[in-house]
There are 2 protein chains.
Amino acid sequence: MVREMEELYYELFEAAGQGRRVGEEIAAGQGQTQSRWQTMWTIEASTALTVPQIARRLGMSRQNEQRIVTELVDEGLAELVANPDHKTSPLVRLTAKGARVLDAINAAADDSHQAIIASFPPARVEQLRQLLRDLTAATSQAHGTTAPG
Amino acid sequence: MVREMEELYYELFEAAGQGRRVGEEIAAGQGQTQSRWQTMWTIEASTALTVPQIARRLGMSRQNEQRIVTELVDEGLAELVANPDHKTSPLVRLTAKGARVLDAINAAADDSHQAIIASFPPARVEQLRQLLRDLTAATSQAHGTTAPG
DNA sequence: TCCAGTTTGACAAGTACTTGTCAAACTGAC
DNA sequence: GTCAGTTTGACAAGTACTTGTCAAACTGGA
């Protein structure tokens, strides 16, 4: 029972590592990185978020996310807008250029996803997603896990 | 369809990140790290492996694995034994001390695993493992993914 | 309105991991 | 055997991420 759990994590890390490497490759096609892609994806999904909010969602340290966002802003892919709820913690939003870059990365990802779906159909994707969410919830319940930072 | 794949990776990275953080905590109880635990676990599972073999199994760079193994050897947790197949690439094996430390970490992990199993039963662990293996296989087929290094 | 506790951005330092390079050792086709 | 191509360990440099600290801004209870 315990051995199965160890192997579960082995396989989980393997799948995630592989996904990260593939994502790194895809993002590199637009001169970006996996982390920056994830950040842009997260911002877009919520329209606008503060740096600490993004960091918490990605399970990443606040300071690292700060650095990534600063880079995106420096390159004109993201912009900071006033946050009515917090005078010194602005909201991060994609610029038109950022949205275009994200779209281009997503388009490249589509090709990859289509190729994967050929041998891993949508129904199994849904099953897997549900199990991952449940595992995460069960783990959160067992530990009081939070992001670093 | 594509959106579901993006969310799959979001959830996959979330689960893996959480697992890594919990593992880091558990390993810290024995003065170790997640990476060193994974290395010890991998060595033990195969009795003895070369550094590049461990690196490939963990999807990690050869040089980083070299560093981790060197640290384990320096602390007497692992030892290098002559490799009949390669004069200058020794096999890495756990020492008795290393096996004891690994057992202690595994024991601590058991408690964590039991707590998780309470809300994520073994049958679902098996389902999840199967899906993860299939996703990894499908991705390998779609790309020619290999470890960095 | 106050004020203890928390969150935030900036700055700095440390750690973990990757990438590049090279010579020695291996491998396999011939 | 021989020799082009690959793998390996050592060394070095670069990159990504975490951790620590601090003051300013926020939050919520009394």
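These numbers were taken from a predicted model, which means no experiment stands behind them. First the proteins, then the strands, lettered A, B, ... as listed; each starts at 1.
- Taking the centre of each ring, B/Phe120 and B/His113 stay at or above the 6.0 Å mark.
- The base-pairing partner of D/dA24, taking Watson-Crick or G-U wobble contacts with both distances under 3.5 Å, is C/dT7.
- For the pair A/Arg36 CZ and D/dT15 P, the interatomic distance rounds to 13 Å; values are reported in whole Å.
- Considering only heavy atoms from C-beta on, A/Val92 stays 4.5 Å or farther from A/Leu49 through its side chain.
- In this structure, A/Ile54 atom CD1 and C/dT7 atom C1' are separated by 16 Å, rounded to whole Å.
- Distance, B/Gln32 CD to C/dA16 P: 12 Å, rounded to whole Å.
- Under the salt bridge (Lys or Arg N to Asp or Glu O under 4.0 Å) criterion, B/Glu75 pairs with B/Arg36, not counting sequence neighbours.
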- [ ] List the protein contact pattern of nucleotides 8-13 of chain D with one symbol per nucleotide (5' to 3'): B for base contact, S for sugar-phosphate-only contact, - for none; contact means a heavy-atom distance under 4.0 Å.
- [x] BBBB--
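- For B/Arg67 and C/dT15, the CZ to P distance is 11 Å, given to the nearest whole Å.
- Between the CD atom of A/Glu65 and the P atom of D/dA16 there is a distance of 14 Å, rounded to whole Å.
- A/Arg20 places its CZ atom 11 Å from the P atom of D/dA16, with the value rounded to the nearest Å.
- Atom P of nucleotide D/dT27 and atom NZ of A/Lys87 are separated by 12 Å, given to the nearest angstrom.
- More than 12 non-hydrogen atoms from other residues, nucleotides or ligands lie less than 6.0 angstrom from CZ of A/Arg124.
- A salt bridge is absent between A/Arg62 and A/Glu65: the closest approach of a Lys/Arg side-chain nitrogen to an acidic carboxylate oxygen does not fall below 4.0 angstrom.
- At D/dA16, none of the side-chain N or O atoms of A/Ser35 fall inside 4.0 Å of OP1 or OP2 (strictly under the cut-off).
- Using a 4.5 Å heavy-atom threshold, the side chains of A/Ile116 and B/Met5 count as touching.
- Within the 4.5 Å cutoff, the side chain of A/Leu132 has heavy atoms near those of the B/Leu8 side chain.
- Between the CD1 atom of A/Ile68 and the P atom of D/dT18 there is a distance of 9 Å, rounded to whole Å.
- When the nucleotides C/dC17, D/dC26, D/dT18 are ranked by their closest atom to the side chain of B/Asn64, C/dC17 comes out on top.
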